[in-house]
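All chains are named by letter (A, B, ...) in the order of the sequence lines, taking the proteins before the strands, and each is independently numbered beginning at 1.
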Amino acid sequence: MVYDLQLPAWKWPFYVTRHPFEGFEDLRWKQGYNMKAALVMVLAFFVVTVIQARASGFLFNPATPKVFNIVPYFSMTILLFFVWVIGNWSLCTLFNGEGTMKSICCVSAYALMPYIFSMVIATALSNVLLPREAGFLTFVSALGVVWSTLMMISGMKAVHQYSVPKTLLAILFTLVAMVIILFIVVLLVSLFQQVYIFFYTIYTELLFRFN
Amino acid sequence: MSFFQKKSTKIISAVILAVVMVTTMLTVTADQPFITFGYDWWLDTYPNQSGYVVDRVIDAAGIRVRDGANPVSHFRTPQDLFIYENPTPGGVYVLLHEDSPINTGASATTGDTIRSTVRGEAVTLTRVEGVLVFIVDSGNNRIIVVNEEFELIRIIDELFYRTDYRVENFIGEVDEYGIPTEQGEARFRNEVERVFELDQDGRYVRGRTTTMDSPRGIYVTNFHGETRVYIADFSGGHVHGNGRVIAADLNSGIWMEYHQPESDTFVTEEGTPATFNPEKVLIDNVGNVYIIVPTISRGAVTFDENGVFRGYFGANRVAQTAEAILNYFLRLILPREVMDRRVTPPPVVFSNFAIDEDQFIYTVTTTRATGVDVVSKLNPAGDNVFADRNMTWGAFHNPIVQGRELYSQMVAIAVDEKGDIFILCQRTGQIFQYDKEGHLLFIFGGSGNQQGTFNTPVAIDTHQNSVFVLDENKATVTVFALTEFGSLVATAMELFERGDYAASRAPWEEVMRRDANFYMASIGMGNAMLSLEYFEEALEYFYRHSLGGYSRAFREFRTNYIRDNFNTFLFIALTGVAILIGANIGLKVYRKRKKALSGA
């Protein structure tokens, strides 16, 4: 089958989903990276995660929180995604990766596609299935995770023009880089907190002095 | 002239004072000195209507005796409480205490009398009906027996050996039943020596009496048609004391004692010989004796009816603490000699037990967890029926005093006729009532000095719907009775446990009307609605109350929904297929035409 590869931006995520291995090479060849499409995808990732937490059936999500806090979901999806992109970019630019920040961001976002769809289907199914039919749900979720992982690997391979072992190694070290980034971020935040407290103490001290 | 000397001011102030006094009197309600609460789906607390109210609080002075007499001195560190209901109609014949009000006709429950002999003396036994309450007054080395009205029946302090008492290691002649036939010394297995004197008949061990040394536990049962009182004589915790379980009749006559077993297996976890200081005792319906000995962590020490040591029963699992897990890994690496030097944490000894009518033994353990092993339900083989049921017991939020969390300390357990389980926390003075499936019903009691709160509660027992709690430091027995709300719940629970869910709807609705938060009512209503086939309502009641109930209701709901809307589903499916086929055909025709046009 011959495909016309003059695709509009919104069609590329679907195309790479259907062609998880060759699709990313085509994407790179045609430079089909589109930040708007990628951001929509990341936003969808966030929204779908929240929906899954809120709208799953009681039977499959009995420990639903009494007071819902959206911040952890935000950091679990959007924040983690960008930490991944930054980590991967900072690592692969040093190791002859050909990906740019934009291309890495787009490829990673497009790779989330199957996972997002599987979450939607799983959330819908959780409202009609019984616990003993949980196999269907597990299957759908597992399919989404496996498909997305494969897409992520092949996407990284295509975007950096790596061999398969080098890609896997790069992903592993990206995870390490993410941990380091998060560590530094936490360190910075607590440091700034200390500085803030320092200035605030001076401020209150002055208040006492001049009152 | 000062303000208060004006007459009109005086009158006005007097009126105001009177109004204030009357209104404050009116606002005083019979409120309980403790908070009654429950737990919701997220295990957060919320207030509940109270199910139990203090009926009366009895101390030694509250026990009714003959006018002017004062035989019952103040309780000193009482340790156990047992309520015995005689299964045979007509009551039991007891040698009454001379100061008993029943003896002097001061009681309405005076029974008829028979003549009999106790310790070779002719005495009059009086028939006593109803329940007998046994209070183990440990500090005074006595057991006080009263009836339901707290009228004194007996004081068991000095016990004597009956003619049919069987001794072990008797130096001298014994008959075929092991009863001494001549004078001599009996040496017991724990090296305690005792001289037996025989009467003229050559059979009666006359004059030999014994007293208890801080008894800790009691169990009373009817066996082979006679009432048997089993007393765990702690022997003051002395290592070489006369620790024993005394089996006696109601009139203080001992017919058997259970002593430290000689068996090589009677050792502690470390392998050193264990001391035998019985703390609690329990008898099953074939006469096996189960004894909690604090030094033995392998379960209850068990004897059969004839006093033969039968091993241990129902040990707790070793808690999976960090230390236990570390030891498991170290055992893989380190040589055996090194591992042997490490002290392995033994399983926690259960602190108390109770037996139900179906011969299941319920044990309660003091642990920090609220998990499975707080309460175990052991079948006769010693397996925990509750082990895999994911049940939770006790308080989920412990009070924090001066930065330290006060973990609950479950010291006693009672099971009533319906199978409801009551556990008593010594730390908070709270009593937790569960149904036989482990659903929480009521939490009542508390810590304090008012009526209905406790200082150091040690024992709990139930009779019908009353709950009796014994406090060691306050030296009182507190009796709780059901409130109107509590009896409403009890009515509903009775129908619920019988499986008559439809009939339980009305009482549950009334319960919910009075306390919409009552957790068990939602489960009850859900089951009622499910059996009445109102599936949507059942789902609503079960939501965030019972996962299992929700699952059952949802299954029925889904089946019904699909059946009722089958035509709609069929229509949608067929229309969808038709549209797809039509679109496919249309597309093909369109492409063909386009091709033909472009080709032409």
Side-chain angles (χ1 to χ4, degrees), chain A residues 1-8 10-11 14-15 17-19 49-76 117-143, chain B residues 37-46 370-371 388-392 396-397 439 517 519 522-523 525-526 529-530 535-566 568-569 572-573 587-588 591 594-595 598:
Chain A
M1 208 165 185
V2 179
Y3 284 94
D4 181 12
L5 286 178
Q6 299 301 332
L7 297 175
W10 64 271
K11 272 195 176 175
F14 297 94
Y15 179 78
T17 305
R18 280 183 292 129
H19 307 84
T49 309
V50 173
I51 286 174
Q52 194 192 30
R54 293 307 292 160
S56 275
F58 174 63
L59 290 171
F60 293 94
N61 189 19
T64 156
K66 199 177 196 174
V67 180
F68 189 76
N69 184 3
I70 208 160
V71 175
Y73 292 94
F74 178 82
S75 49
M76 257 160 46
F117 270 101
S118 80
M119 275 211 287
V120 171
I121 295 168
T123 307
L125 278 181
S126 75
N127 282 295
V128 290
L129 293 185
L130 290 169
R132 62 174 177 188
E133 296 150 358
F136 294 103
L137 210 80
T138 320
F139 174 73
V140 170
S141 313
L143 193 69
Chain B
F37 61 96
Y39 293 108
D40 66 5
W41 181 250
W42 295 273
L43 303 179
D44 289 339
T45 51
Y46 62 86
T370 47
D388 304 319
R389 298 273 295 276
N390 198 19
M391 297 160 119
T392 49
F396 292 105
H397 313 290
H439 296 121
N517 280 336
Y519 199 83
S522 288
I523 296 174
M525 277 304 283
M529 287 304 171
L530 187 57
F535 301 122
E536 261 174 282
E537 285 84 350
L539 285 177
E540 251 168 62
Y541 282 117
F542 281 135
Y543 184 64
R544 284 174 176 174
H545 280 91
S546 166
L547 203 58
Y550 192 92
S551 174
R552 272 182 290 129
F554 187 71
R555 196 175 127 210
E556 298 294 324
F557 172 76
R558 195 181 64 174
T559 312
N560 269 35
Y561 189 83
I562 293 171
R563 195 170 54 210
D564 293 348
N565 299 294
F566 187 70
T568 322
F569 284 125
I572 291 169
L587 208 67
K588 268 180 190 163
R591 276 186 185 151
K594 203 177 168 187
K595 210 174 185 180
S598 60

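A:Leu130 contributes atom CG, which lies 10.5 Å from atom OH of B:Tyr550 (distance to the nearest 0.5 angstrom). Distance check, rounded to the nearest 0.5 Å: CZ of A:Phe60 to OG of B:Ser551 gives 8.5 Å.
In B:Tyr561, the OH atom is not crowded: 12 or fewer heavy atoms of neighbouring residues, nucleotides or ligands sit closer than 6.0 Å. Environment of CZ in A:Phe139: sparse, with no more than 12 heavy atoms of neighbouring residues, nucleotides or ligands closer than 6.0 Å. More than 12 heavy-atom neighbours from other residues, nucleotides or ligands sit within 6.0 angstrom of CZ on B:Phe569. Annotation for A:Phe58: atom CZ counts as buried by contact number, over 12 foreign heavy atoms lying within 6.0 Å. Around CD of B:Glu556, the count of heavy atoms belonging to other residues, nucleotides or ligands within 6.0 Å exceeds 12. In B:Arg544, the CZ atom is crowded: over 12 heavy atoms of neighbouring residues, nucleotides or ligands sit closer than 6.0 Å.
Of the listed residues (A:Pro131, A:Pro65, A:Gly57), the one with the most heavy-atom contacts under 4.5 Å to chain B is A:Pro65.
When heavy atoms are compared at a cutoff of 4.5 Å, B:Arg558 approaches chain A solely by way of its side chain, counted from C-beta outward. The contact between B:Phe542 and chain A is made entirely by backbone atoms, counting heavy-atom distances below 4.5 Å.
Heavy atoms only, all atoms of each residue included: B:Phe554 and A:Leu59 are closest at CD2-CD1, 3.9 Å.
B:Trp41 places no side-chain N or O within donor-acceptor distance of the main-chain N or O of A:Lys66, the cut-off being under 3.5 Å.
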